Structures are given as structure tokens and as C-alpha cells.
Amino acid sequence: MKTQHNILNVHSIESFGTHDGPGVRMVIFLQGCKLKCLYCHNPDTIDTAGGKSYPIEELVEMAVKMKPYFGKKGGVTVSGGEPLLQSKALIPFFKRLKEEDIHTNIDTNGRLLNHFTEELLDEYADLVMLDIKHMTEAGYEFITGQRNKETTFNFAKHREASGKKMWLRYVLIPEITNTPELLHAMGEYFKDYKTIEKIEIQPYHKLGIHKWESLGWDYELKHARENTREELDAAVAILKNYFKEVKVN
């Protein structure tokens, strides 16, 4: 019998993802997000009313069939949207994946930290990729449309306390998130974290503009420019002072 506890609301599935965690991965983009980031390249995942229902066991079967391609590092990543909106259903899903010896990863904005999320993080998530939007409250609200950036940092503190692995992700937008002051501030904040294996820099791009337009939404960052090679190199040089590994995606 299908219930909300064994159903995930899915936007789309990528079979051979190579930029969503270690190794080759099955990436499940879940539907729904409470943020509306100005640079979102998947704005069609924001509406919680969209998506397609998938029984958990069907997704597990898909993952098991892909195990030969995962190798030693690969596995399943849930992204979105914001996957932790469905953390209650992700618990049995990740539990089944662990029974099949499949690596699990969550790509999240860190806005949610309830008892379902904590159980998922502490018991079943091998890796968390945490999106850092901005280091100031004003900047966070400008980018996401929501207040209280501290929710993300409280999430990071919880993961650090668990001792389990975490990666950071940061979208680099000239003059908005890519300033020496902000990069140093992020480094100083996280420099003593033991669980952070790397930080991934996501260079700003405009590949999602057509999706915004198809939804009838105004893309407010259309005048923002992409980073130069020199700017990317400078950002990496700063962050290498604080993190074990800095990768540009």
C-alpha cells in the first residue's frame, strides 16, 4: 500500500551524475523549495504542488540496478528543490539504500532541522552538501527572499557535532557573493570545522533564465556578469587558506 511515508515527490532523475557528490551518482531531484534564490537554475522545482510520485521501493530498485556503475565512491544523491522538505519519507528510503550498501548524500540549503531531519542526518546520510548562500543577513535575504541566515549555520553546527562528512557549496557572483571580505568571512567561520572535506565553488551562469521566462517569472540577475578566470583564481586562492580542498565546478 502506498502512503506518504513510502512515497517521494520527484521532479526528475539523473542516471549518471558526476557533479553531485563523489563518483558516479543517481541524482534524484525532489520537488518543492521554500526559498526562491535569484540564481536558481531549476526554478521549476520550487512549486511544492508539482512533481511525480515515486514509491520508495521503485527508486531503490533503480539504484540497485546502477550499483555496478557507482564503483567504490558513487551512490545516490537527493537534491531539489529542497530535499529535506520530504525528510520523513527520506528516512525509510535512505535506510533501504544503506541496507543495499549504497552511499547516500543530501544536497540541501540547511533551512530545516527538525527531529526527522536530525534522524536522517545522524543515522543514514553518509554525506551532506550544504549550500552557503551569503555571509550577511541582508545578502541572504536578497538572494533567497527569506530571512534568518542562521538556520543554515545551525544546520552546519549540528552536522559538525555529529562528526559525519560535509561539503560546502557556494555560488560565486561578482560583486554580490564574490568579494574578498565575504570569502574571508566564510573561511574564518568554518576554519575549525573538522567534518568539512571540501568547498565547491559554483561559478555564476545564466543557463536557467529560459526556465524563469517559461514560468512567467522575472529573472532579476539578468544584468549580473559571469566571473573572469582571474576572479575565480583569486577566490580559490583565498579559500585555500581555510579549507582542505577547494574545487571549481
Side-chain angles (χ1 to χ4, degrees), residues 1-15 17 19-34 45 48 51 53-131 151-169 193-198 200:
M1 182 180 69
K2 296 178 182 179
T3 69
Q4 287 186 333
H5 304 304
N6 58 21
I7 293 289
L8 284 169
N9 188 23
V10 176
H11 172 270
S12 56
I13 299 172
E14 182 179 350
S15 298
H19 297 287
D20 297 273
V24 174
R25 310 194 69 81
M26 173 181 168
V27 187
I28 304 171
F29 296 92
L30 299 186
Q31 187 71 34
C33 186
K34 297 299 184 183
T45 66
T48 55
S53 295
Y54 275 83
I56 284 172
E57 201 55 39
E58 182 178 340
L59 294 171
V60 172
E61 290 172 6
M62 294 170 64
V64 169
K65 288 178 181 177
M66 280 201 63
K67 278 187 73 173
Y69 302 99
F70 292 156
K72 294 182 178 180
K73 292 184 178 181
V76 173
T77 296
V78 289
S79 186
E82 172 46 55
L84 293 183
L85 290 176
Q86 301 183 55
S87 57
K88 187 175 182 179
L90 282 173
I91 292 172
F93 177 48
F94 271 28
K95 185 176 182 180
R96 282 287 293 114
L97 291 176
K98 297 314 299 173
E99 290 171 356
E100 299 290 347
D101 195 29
I102 294 174
H103 184 274
T104 55
N105 178 29
I106 301 170
D107 181 6
T108 176
N109 60 41
R111 286 284 292 185
L112 289 169
L113 193 61
N114 54 35
H115 67 282
F116 294 120
T117 303
E118 290 179 354
E119 181 180 350
L120 180 67
L121 293 173
D122 297 348
E123 302 296 330
Y124 305 112
D126 295 317
L127 176 65
V128 166
M129 297 193 306
L130 181 61
D131 299 322
T151 54
T152 300
F153 297 108
N154 290 336
F155 188 100
K157 290 174 185 176
H158 180 90
R159 186 66 176 178
E160 172 72 2
S162 75
K164 301 186 73 175
K165 295 177 181 178
M166 176 167 53
W167 295 4
L168 300 185
R169 285 185 146 187
Y193 273 55
K194 307 299 184 186
T195 59
I196 297 175
E197 292 189 320
K198 72 166 74 172
E200 293 189 332

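Keep in mind it's a predicted model, so treat the numbers as computed, not measured. Scope of the values below: all heavy atoms of this structure, side chains included, with no hydrogens, waters or symmetry mates.
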- Query: Taking only residues two or more places apart in sequence, or in another chain, which ones meet Glu57 in a salt bridge (charged side-chain N to carboxylate O under 4.0 Å, His left out)?
  - Reply: Arg96
- Looking only at heavy atoms, which two atoms of Ile7 and Gln86 are closest? And how far apart? O-OE1, 4.5 Å
- Item | Glu197: salt bridge (charged side-chain N to carboxylate O under 4.0 Å, His left out) partners, not counting sequence neighbours | Lys165
- Task: Using the test side chain to side chain donor-acceptor pair (under 3.5 Å), find all partners of Asp126 that sit at least two apart in sequence or belong to another chain.
- Result: Lys98, Thr104
- Take Ile106 and Phe94 through the test side chain to side chain contact (heavy atoms under 4.5 Å, CB included) and record every step on the way to the result. CA-CA 10 Å; Ile106 301 170; Phe94 271 28; 3.6 Å; yes
- Task: First locate atom CG of Leu112, then atom OG1 of Thr151, and finally report the distance between them rounded to the nearest 0.5 Å.
- Result: 8.5 Å
- Message: For Lys198, is the NZ atom crowded, meaning more than 12 foreign heavy atoms sit under 6.0 Å from it?
- Response: yes
- How would you list all residue pairs meeting salt bridge (charged side-chain N to carboxylate O under 4.0 Å, His left out) that involve residues 101-111, not counting sequence neighbours? Asp107-Arg169
- Query: In this structure, are over 12 heavy atoms from other groups packed under 6.0 Å from Lys67 atom NZ?
  - Reply: yes
- Message: Please evaluate residues Asn9 and Leu30 with respect to the criterion side chain to side chain contact (heavy atoms under 4.5 Å, CB included), reporting the C-alpha separation (whole Å), side-chain torsions for both, the decisive distance (0.1 Å), and the verdict.
- Response: CA-CA 6 Å; Asn9 188 23; Leu30 299 186; over 6 Å; no
- Mind running side chain to side chain donor-acceptor pair (under 3.5 Å) on Thr195 and Glu160 for me, showing each step along the way? CA-CA 6 Å; Thr195 59; Glu160 172 72 2; 2.6 Å; yes
- Glu119 side, atom CD; Tyr124 side, atom OH - distance, nearest 0.5 Å: 5.5 Å
- Task: Specify the closest pair of heavy atoms between Pro92 and Ile56, including all atoms of both residues, with the distance to one decimal.
- Result: CG-CD1, 3.8 Å
- Query: Applying salt bridge (charged side-chain N to carboxylate O under 4.0 Å, His left out), which residue pairs with at least one partner in residues 72-84 are found, sequence neighbours left out?
  - Reply: none
- Query: Taking only residues two or more places apart in sequence, or in another chain, which ones meet Tyr193 in a ring pair (Phe, Tyr, Trp, His ring centres under 6.0 Å)?
  - Reply: Phe190
- Note on the structure: In terms of heavy-atom contacts, Gly80 and Thr45 come closest through C-OG1, 3.6 Å
- Taking atom NZ of Lys95 as the centre, report whether more than 12 heavy atoms of other residues, nucleotides or ligands fall under 6.0 Å from it. no
